[in-house]
Asks: 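What follows is a structure written as C-alpha cells; I'll ask about it next.
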Number of protein chains: 2
Amino acid sequence: MDLCLDERSKKIFQAIVQNYIKTAEPVGSRTIARHYNLGISPATIRNVMNDLEEMGLITQPHTSAGRIPTHKGYRFYVDSLMERSKLTKHEEENIQIKYNDKTNEYTDEIFHLTSKLLSAISNYAGVAIAPITSKSKIKKIEFINVSSKKILMILITDSNQVKNKIIDISEEISSDELHIISKMFTDKLKDSSLYEIRNSIKNEILLANKFEINKPEYNELFKKTIHFAESCLNIEVDKDIYLEGAANILKHPEFSKINKTKDLIKLFEEKKDLFKIVARTVETDGAKVYIGEENNISEMNNCSVVICSYKVKNLPGGIIGIIGPTRMKYGKIFSIVEYTSFQLENILKLLID
Amino acid sequence: MDLCLDERSKKIFQAIVQNYIKTAEPVGSRTIARHYNLGISPATIRNVMNDLEEMGLITQPHTSAGRIPTHKGYRFYVDSLMERSKLTKHEEENIQIKYNDKTNEYTDEIFHLTSKLLSAISNYAGVAIAPITSKSKIKKIEFINVSSKKILMILITDSNQVKNKIIDISEEISSDELHIISKMFTDKLKDSSLYEIRNSIKNEILLANKFEINKPEYNELFKKTIHFAESCLNIEVDKDIYLEGAANILKHPEFSKINKTKDLIKLFEEKKDLFKIVARTVETDGAKVYIGEENNISEMNNCSVVICSYKVKNLPGGIIGIIGPTRMKYGKIFSIVEYTSFQLENILKLLID
DNA sequence: TATTAGCACTCTAATAATGTGAGTGCTAAA
DNA sequence: TTTAGCACTCACATTATTAGAGTGCTAATA
C-alpha cells in the first residue's frame, strides 16, 4: 500500500497507532504534541489528522473524541511503519527450555506446548496446527489384534505422526500372520502420499491387483486400510488444532461487553471455523497477519490473527499463530510467532528422522 | 437433610425455587399467590417466607426484593423436593442416533461425542472423562520400529484404550525381533494393572528377573516400557477430559458481567482444575450434584456440577457430567446425565470385548 | 504559504436529583 | 391463624447538570 504520506504525517500516524495500542484510548492532538516531541503544535497535528482521516487511516469514535486507527490504518502500519521488537533473552530462553524438556518424545504434545508458549508470551491466545497430513507420506502400516475380531490399525507418517483406529473384521487373523501382513502393506504403500491414496480409491481394483490378493480376509483388511488412510486425510479438526489462552483475550477492554465476546468464545470452541481462519494459508514467508474484517468472520472483527507456517523435513508442515485484539502489539507478536516457528522447526528436526 | 417443613411451606419453597429457575428474577409473595394457587394470600406467604429465610433456605438480594434460593436451599430442593423430568422421545432418539453412528469404532471420539451430546441437550456445558486408566489392566504391548533407533511403543488396555509413544533406543532392533519381543512383553505384563506396575517399579530388578533378561538392549526396552506404562497412570488431563459448550453457560444472565465469567472461562481452559472438580468421585450411584460453594472453588460459586459415573465391563470407568449455573433445571439435568451414562455404557459394551 | 493561538462548539461520561414500583415487615382486624 | 392495610425500603430507570477532552474554524503570525 503506497499512500504518499510525507514524513511528518507518517510520524503522527505512527504516534497515534502506538499510543492507541498502548492505552486503548482514542488519541487526541494534545496527547501527541505532549508525548512525542515532533516540534509542532496541536493545531497542526489536528490538520494532519484531518488528512489521515480523509485517507481512511484513522477515525473518531464520536465527534469530540480523539482518533483511533481503522483496519486500513493497522494494515498500513503493519506493512510500512511497524518495527519488529526483538524478544528478550528471557523470553527466548523460556521458549528453548520448554522445548528442550520435550526433546525426548515426539507426540502431539509438542503442538500443545507450542500453543501454550505462544499464549503465555504474548498474553493473547496461542494456536498451533499439527502438520497437515494430506501431504504426508506413509512410512509404516501395522496391524495388531486386539481381540478375536478386532484389529488395531496403525499408520505412521513420514513426519512420525501416529494415527490409529480399531476396526472389526469378520475372520480372526493370528498375530504372526498380522505381522506378515503388516510388512506387506507397509512395503506396498510406503511413500504413497495420503493424497495419492485418496485418488486411487476409485481404482481400488487396480490397487488390489498390486497386492495380488486372493485370500478374502486380506481383501477385507485391504479395503479397510485404504479407507482408514483416506480418513486420515480429513484433518481431525478437533484434534489437530491446539488453542490456548483464549481467556487471555478477555482481559482486554475491547472485550468487556459479554455479547460479542460470547460469540468469540463460541467460535473458539468450534474448532472447525477456527481452523479455517488460521490455516487458510498453508505456507507463509515469515509471519503474516489478518486484521479484523480481513478475517471475513464477523466474530473476529475486533481480532487480528498473526500466523506463520513451519516446515517438517523442509516441506510445508503446519501453522502456528496468535489471536489477539486488532489493537495488538504487532511488532512484538510478529517476532514471537516467527521465533517460535523457527524453534519448533528445530525441535521437529531432532525428533523426526 | 430433614427440615421438618409442613406441607404448605414446602409448596411455597418449591414454588420459589421453580419460579426462580425459570425466570432468574427474585420471587415475591404476590407472584406466588398469583401463579400457584395455593389458596392463601400474599401476606401469609410472606410470613412463611420469613420462616424459610430464617432457616437459611432463601435470601433477599436486597431489602425490597423478592427471594432467591440459597445454596442450602438448592441442596434441600434437590434432595427432597425435586421431581425428575423425563427426556422427550425426541431427545432420547437424538442420543441413540448419535451413538449408533459411532458404533463401528472405539476411539476417544466417543467421549468427545458424549460431552457434545450433554451440552447440546442441556444447553449448558457438557463434560466427559475417558476411563480412568489407573485401574485398567494391560491387554497388549507392542513395539514397532519407526526409524533405525526410534521405536513406537503401544499399550492397549482392557478397555481398549490405546496409548502410544515414540522412544529412542541405543541399538537398532529388527522388525521381526520386535515382533517376538512384543509377544514376550505382552505375555509377561498382560493383566497387570497399571497400578501394580507403578508399585513394582521400585522392584525393577525383581521384575527383570521375571524376564530372564540377558541382552542389554532388551533391558533398555524393558525399563522404558515400564516407565511408559507408569506414565499412562498419570492421567493426561488435557487429553482425557472433554468439555463442550462452555459458551452455552454465558447465555445465562448470571454470567452477564465479564469479570467473574472471565475467571470461569479460564478455569475451563485449565483442564487440571476442571478434572478435580468433575472427577473427585470415581463412582456414583446415579447422578450426583455439587452446588455452588460445594465445589470448593470460588470461580464455581455460581455453578452446579451434575455428574454420573459410567462403567466399562462392569467396573468403574469414568465420569460424565453437566456444568451449569446453580439456577439450573436440576430435574431435567439429572435425567439427561443418567440416561446418557446408561447409553454410553451400552455402546461401550458393544465396542469392547 | 505554513503554522499556530484562540475560541466556540460538540459530545461523552460522571454525578446528582428525582420518581417509580416491586416488595417487605408490622399491626390490627377478621 | 389468616389477612388487609399501610408505611417503609431500596434498586433501577429517568432526567438534569456539569466537567472536560477534543475538535474545527478563523484570524493572526512567522
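Bear in mind the structure is a predicted one, so any value in this text is a computation, not a measurement.
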Asks: Provide, to the nearest angstrom, the distance between the CG atom belonging to B:Leu52 and the P atom belonging to C:dG25.
Replies: 11 Å
Asks: Which protein N or O atoms sit under 3.5 Å from an N or O of nucleotides 5-8 of chain D?
Replies:
{"residue": "D:dG5", "atom": "O6", "partner": "B:Arg46", "partner atom": "NH2", "Å": "3.4"}

Asks: If you measure from CD on A:Glu53 to OG1 on A:Thr70, what distance do you get to the nearest 0.5 Å?
Replies: 9.5 Å
Asks: Restricting to non-hydrogen atoms, name the atom on B:Ser115 and the atom on B:Glu244 that form the minimum distance, rounded to 0.1 Å.
Replies: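 B:Ser115 and B:Glu244 have their closest heavy atoms at OG-CG, 3.2 Å.
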Asks: Is B:Arg84 paired with B:Glu338 through a side-chain N to carboxylate O contact shorter than 4.0 Å?
Replies: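 Judged by the 4.0 Å cut-off on N to carboxylate O distance, B:Glu338 and B:Arg84 do form a salt bridge.
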Asks: Let me know the distance between CD of B:Glu54 and P of C:dG25, rounded to the nearest Å.
Replies: 11 Å
Asks: Send over the distance from B:Asp51 CG to C:dT24 C1', rounded to a whole Å.
Replies: 15 Å
Asks: Is any side-chain N or O of A:Asn50 closer than 4.0 Å to OP1 or OP2 of D:dG24?
Replies: yes
Asks: Could you check B:Tyr124 against B:Val306 for side-chain contact (heavy atoms from CB on, under 4.5 Å), going step by step and ending with a plain yes or no?
Replies: CA-CA 11 Å; B:Tyr124 301 131; B:Val306 177; over 6 Å; no
Asks: Any ring pair (Phe, Tyr, Trp, His ring centres under 6.0 Å) pairs touching residues 14-60 of chain A, not counting sequence neighbours?
Replies: none
Asks: In terms of side-chain heavy atoms, does A:Asn19 have a donor or acceptor partner in A:Lys22 at a distance below 3.5 Å?
Replies: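 No, no side-chain donor-acceptor contact under 3.5 Å.
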Asks: What's the closest nucleotide to the side chain of B:Ser41 if the choices are D:dG24, D:dA4, C:dG25?
Replies: D:dA4
Asks: May I have the list of side-chain donor-acceptor pairs in residues 290-298 of chain A shorter than 3.5 Å, sequence neighbours left out?
Replies:
{"residue": "A:Tyr290", "atom": "OH", "partner": "A:Thr281", "partner atom": "OG1", "Å": "2.8"}
{"residue": "A:Glu293", "atom": "OE1", "partner": "A:His71", "partner atom": "ND1", "Å": "3.2"}
{"residue": "A:Glu293", "atom": "OE2", "partner": "A:His71", "partner atom": "ND1", "Å": "3.4"}
{"residue": "A:Glu294", "atom": "OE1", "partner": "A:Arg75", "partner atom": "NH2", "Å": "2.6"}
{"residue": "A:Glu294", "atom": "OE1", "partner": "A:Ile291", "partner atom": "N", "Å": "2.9"}
{"residue": "A:Glu294", "atom": "OE2", "partner": "A:Arg75", "partner atom": "NE", "Å": "3.1"}
{"residue": "A:Asn295", "atom": "OD1", "partner": "A:Arg280", "partner atom": "NH2", "Å": "3.0"}
{"residue": "A:Asn295", "atom": "ND2", "partner": "A:Gly292", "partner atom": "O", "Å": "3.1"}
{"residue": "A:Asn295", "atom": "ND2", "partner": "A:Cys303", "partner atom": "O", "Å": "3.2"}

Asks: In this structure, how many angstroms lie between the P atom of D:dT3 and the CZ atom of B:Arg30, rounded?
Replies: 15 Å
Asks: Check whether any side-chain heavy atom of B:Pro253 lies under 4.5 Å from a side-chain heavy atom of B:Arg327, and answer yes or no.
Replies: yes
Asks: Considering only NZ, NE, NH1 and NH2 on the basic side and carboxylate oxygens on the acidic side, decide whether B:Lys276 and B:Asp273 come within less than 4.0 Å.
Replies: yes
Asks: On DNA chain D, check which nucleotide each of B:Arg8 and A:Val27 is closest to and give me the residue with the more 5' one.
Replies: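 Counting from the 5' end, the first nearest nucleotide belongs to B:Arg8.
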Asks: Is the phosphate of D:dT3, meaning OP1 or OP2, less than 4.0 Å from a side-chain N or O of B:Thr44?
Replies: yes
Asks: Report each atom pair, protein N/O against N/O of nucleotides 15-20 of chain C, whose distance is under 3.5 angstrom.
Replies:
none

Asks: Using whole Å, report how far CD1 of A:Ile12 lies from P of D:dT23.
Replies: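 Interatomic distance, CD1 of A:Ile12 to P of D:dT23: 12 Å.
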Asks: Send over the distance from A:Asn47 CG to D:dT23 P, rounded to a whole Å.
Replies: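 The answer, rounded to whole Å, is 11 Å.
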Asks: Could you list the residues that satisfy side-chain hydrogen bond (donor to acceptor under 3.5 Å, both in side chains) with B:Arg8, not counting sequence neighbours?
Replies: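 side-chain hydrogen bond (donor to acceptor under 3.5 Å, both in side chains) check on B:Arg8 returns nothing, list empty.
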Asks: Once you round it to whole Å, what is the distance between P of D:dT23 and CD1 of A:Ile16?
Replies: 9 Å
Asks: Would you mind reading off the distance between A:Asp6 atom CG and C:dT3 atom P, rounded to a whole angstrom?
Replies: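 Atom CG in A:Asp6 sits about 9 Å away from atom P in C:dT3.
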Asks: For residues 59-67 of chain B, which residues have at least one heavy atom under 4.0 Å from DNA chain C?
Replies: B:Gln60, B:Thr63, B:Ser64, B:Ala65, B:Gly66, B:Arg67
Asks: Parallel, tilted or perpendicular: which fits the ring planes of A:Tyr77 and A:Phe13, with parallel below 30° and perpendicular above 60°?
Replies: perpendicular
Asks: A side-chain contact here means heavy atoms from C-beta on lying under 4.5 Å apart; do B:Lys332 and B:Glu91 qualify?
Replies: yes
